[in-house]
Amino acid sequence: MDEKVASKCLNLIVAAIDLGTSYSGYAFSVKHDWGRVMTSIWQGGSLLTHKAPTCLLLKKDQSESYFGYEAEDRYAEHTAYDNKDYENYYFFQNFTMILHEDVNHIKHILCKDIKGYTLEAGTVFMHCIKYLKNHLFDEIKKTLVFTKEEDIDFILTVPAIWGEKAKIFMRKAAMKAGIKNERLNIVLEPEAASIYCQYLQIARNAINYDSCDLGVLRAGTKYILLDLGGGTADITVHQKCEDNTLEEVLPASSGPWGGKSVDDAFIKFLTELVGESAMTTLKQEYIDDYLEIMRGFETKKRTRMPNKLGMTIMHLPISFYSLCAKMHHVKDFKAIIEKNAMHKDNVKYSGGKLKWSNKYFAGFFKKTIDSIVKHIDELFDENEVRDVDIIVMVGCFSECTLVQDAIKKNFEHKKVIVPEEAGLAVVKGAVYFGHIPDASSRRSAQYTYGIQTWPEFRPGFHLESKKVNVSGSVRCKDVFFKLVTKGEKIFTGLAKSQFVQALTCKKNYLECALYISDKKDPVYVDEPECRLIGIHQIPLSADENQPLYEIEESLIFGETELTFRARDLLTGVQREVTFDLLKE
């Protein structure tokens, strides 16, 4: 770490929480040695990982909660031996995907657990964040005994493609989990990953470009950031600026091509092999065996080498083979394979082990890898990307050598960088961001942002249906006034202003609505592509003789959220107005 780069954090510790689709974790570092980032080790059976599965076991009265491998193991215990106690618990898995849609009523989204029971999403997210926060605090106190929670600034990571309401939703969940708003910041995942790569310390004598960080890149260099997580592949194009900050060249794009899609292909194979009924029984009545199978596959997935001849061998629980043989009314598992026309030539069984040729096993990855490659190919057709020569791979699925090899072969004329600990790039980069928050500079606006205005009606230009009479003035209602255009470069602290007038003075406040649109040039706020994201009320000066009130409205971009600032031109009083994006 460059010792000349000093932490700008005013607190003792920066801690980041990364609540991912399939895996979650945390990291932290102290101010005086912020480059030394600590993470925790999570254990599930014989599997040791830096992140835990994103799953929550929650007692229905909310008096107990468990997360990650502990949640899986305790749920397996509850379901064993016909123990009906598990009916008193919710068990949630892979639930974060619900926030990838910027729905209008996100406040009331429900998470569905493994048995189909539902619970308000904010409660589910709150318990996950609270568990990770407490686990993190316990870990910190092992080395810094006298640390208090007030000594920690928290960073929460969110996907770049999430809408504004989802970001605010996460902030509220974190606050309910006990993190104070003034000690909480939010960073977009690709920005965190880029910051990690840029500030990652490497050996001075490193000669292998594949292990390089982005600190060596000259200003103006663009690169594709490929973040391959458990649930999705998130792809962003960044550029290194003259001041060593980052600029987003294109808004993030995403697809369901994370490691889970490979798991799905493996489960599909097992289902075709033993039948839907056997797999359903396995998941419902032998959850411990199911978890053992998936953890074993996770190990194989991470260690599968490209172009390696021979066989891939997996040990599966004996009880799984016995269950399937019983349900198929055959003497052993080998008989199930022999009568399966689809897969009898693809898999072998002996001594409690399944065996595939390495080439066939690699087929579980094919659809996922092909989708990633196709998306990158399409990205290179964009004018802004045609001169990009570097692809940076981060995320837990990027650590799979089979995926790395496919990217390098399909883009052999590009330089492919896989930084050390690529699976921790986001959470460690989020810690870096907490210490150097100005490391990321300009992003591309994901939407067109604007406010609702009532300008003078223009015959032939405005729709007749929008014509209204307000205090003797003919106006056009519902007009979308742009403050920021989709694709426009934005940066932290950017303020866009517009002067508005209160057309009537019957109230002591001016109500202003903020909208976003997927179009670059929306005309009216009620177009299908437009969505209301918030309404705020600006207090007006108490002057009964004032015929017209003028307000300067400013839209201010923070790290990831939006703020309104209002200035009453009559009195000069300036107020920062916070509006509730979750308010119906």
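For the numbers below, each heavy atom of this structure counts, side chains included, while hydrogens, waters and symmetry mates do not.
Ion pairing between a basic and an acidic side chain is recognised when a charged N comes within 4.0 Å of a carboxylate O; Glu272 and Lys268 show such pairing. Between Arg386 and Asp381 there is no salt bridge, since no side-chain N of the basic residue sits under 4.0 Å from a carboxylate O of the acidic one. Remark: Arg295 engages Glu72 in a salt bridge, criterion side-chain N to carboxylate O under 4.0 Å. Ion pairing between a basic and an acidic side chain is recognised when a charged N comes within 4.0 Å of a carboxylate O; Asp113 and Lys115 show such pairing. Between Glu412 and Lys408 there is no salt bridge, since no side-chain N of the basic residue sits under 4.0 Å from a carboxylate O of the acidic one. Using a 4.0 Å cut-off between charged side-chain N and carboxylate O, Lys409 and Asp405 make a salt bridge.
In Lys339, the NZ atom is crowded: over 12 heavy atoms of neighbouring residues, nucleotides or ligands sit closer than 6.0 Å. The environment of Lys414 atom NZ is dense: over 12 non-hydrogen atoms of other residues, nucleotides or ligands sit within 6.0 angstrom.
Using modelled atom types, no side-chain atom of Glu529 and backbone atom of Ser517 make a donor-acceptor pair closer than 3.5 Å. A donor-acceptor pair under 3.5 Å is formed between the side chain of Thr54 and the backbone N or O of Gly20. Side chain of Tyr432 to backbone of Ala192: no donor-acceptor contact under 3.5 angstrom is found. A donor-acceptor pair under 3.5 Å is absent between the side-chain atoms of Lys51 and the main chain of Tyr26, judged by distance alone. Panel note: side chain Glu120, backbone Thr123; a donor-acceptor pair is recorded below 3.5 Å. Remark: side-chain polar atoms of Gln404 are not paired, donor with acceptor, to backbone N or O of Val418 under 3.5 angstrom. Judged purely by atom type and a 3.5 angstrom limit, His328 uses its side chain to pair as donor or acceptor with the backbone of Val274. Put simply, the side chain of Lys301 gets close to the backbone of Gly259: a donor and an acceptor are under 3.5 Å apart.
Put simply, the side chain of Lys348 does not reach to within 4.5 Å of the side chain of Leu354, judged on heavy atoms. Between Pro419 and Ile417 the shortest side-chain heavy-atom distance falls below 4.5 Å. Contact of the Val124 side chain with the Leu56 side chain is registered, since non-hydrogen atoms from C-beta on lie closer than 4.5 Å. No side-chain heavy atom of Lys167 sits under 4.5 Å from any side-chain heavy atom of Met170. For the pair Thr281 and Tyr286, the minimum side-chain heavy-atom distance is below 4.5 Å. Residues Arg171 and Ile186 meet the side-chain proximity criterion, which asks for heavy atoms closer than 4.5 Å.
Distance check: Gln43 CD to Asp73 CG gives 9.5 Å after rounding to the nearest 0.5 Å. Taking CG of Asn94 as the reference point, atom NZ of Lys112 lies at 14.5 Å (rounded to 0.5 Å). We find the CG-SG distance between Leu316 and Cys324 to be 9.0 Å, quoted to the nearest 0.5 Å. Interatomic distance, CD1 of Ile114 versus CD of Gln93, reported as 5.0 Å (0.5 Å rounding). Separating the NZ atom in Lys133 from the CD1 atom in Ile17 is a distance of 8.0 Å, to the nearest 0.5 Å. To the nearest 0.5 Å, atom OG of residue Ser24 and atom CG of residue Asp18 are 6.5 Å apart.
Aromatic ring centroids of Phe95 and Phe125 lie under 6.0 Å apart. Here the two rings, on Tyr89 and Phe91, have centers that are 6.0 Å apart or farther. Outside the 6.0 Å centre-distance limit, the rings of Phe320 and Tyr290 are not counted as a close aromatic pair.
Side-chain contact check for Thr49 and Tyr69: at least one donor-acceptor pair (N or O, by modelled atom type) lies under 3.5 Å. With hydrogens and angles left out, the side-chain atoms of Glu70 and Tyr131 include a donor and acceptor closer than 3.5 Å. A donor atom on one side chain and an acceptor atom on the other are found under 3.5 Å apart for Thr368 and Ser261. Inspection of the Ser194 and Glu191 side chains reveals no N or O donor paired with an N or O acceptor under 3.5 Å. Between the side chains of Tyr66 and Glu64, at least one donor N or O sits under 3.5 Å from an acceptor N or O. A donor and an acceptor atom, one from each side chain of His50 and Ser40, are nowhere located under 3.5 Å apart. Side chains of Gln62 and His127: a donor-acceptor N/O pair is present below 3.5 angstrom, by distance only. In this structure, a donor-acceptor pair under 3.5 Å is absent between the side chains of His343 and Asn340.
Counting all heavy atoms, side chain and backbone alike, Met314 lies closest to Lys300 at CG-CG, 3.6 Å. Contact between Cys111 and Ile98 at its shortest, heavy atoms only, is SG-CD1, 3.7 Å. Scanning all heavy atoms of the two residues, the minimum distance from Ile336 to Ala325 falls at CD1-N, 3.7 Å. The two residues Ala430 and Ile155 have their closest heavy-atom pair at O-CG1, 3.7 Å. Taking both residues in full, the closest heavy atoms of Leu402 and Ile369 are given as O-CD1, 4.1 Å, listed atom of the first, atom of the second, then distance. In terms of heavy atoms, Lys260 sits closest to Ser22 at CB-OG, 3.9 Å.
A cation-pi geometry, defined here as NZ or CZ lying under 6.0 Å from the six-membered ring centre and within 45° of its normal, holds between Lys60 and Tyr117. Stacking of Arg74 on the aromatic ring of Phe67 is not recorded, the 6.0 Å distance cut-off and the 45° axial limit not both being met.
Every side-chain contact (heavy atoms from CB on, under 4.5 Å) that Lys141 has, sequence neighbours left out, goes to Phe137.
Ring orientation note: the planes of Phe364 and Tyr360 are nearly perpendicular, at an angle over 60° on the 30°/60° scale. By the 30° and 60° cut-offs, the orientation of the rings of Phe361 relative to Phe297 is tilted.
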Pair Phe411-Phe380, side-chain contact (heavy atoms from CB on, under 4.5 Å): steps then yes or no: CA-CA 11 Å; Phe411 302 98; Phe380 275 118; 3.9 Å; yes

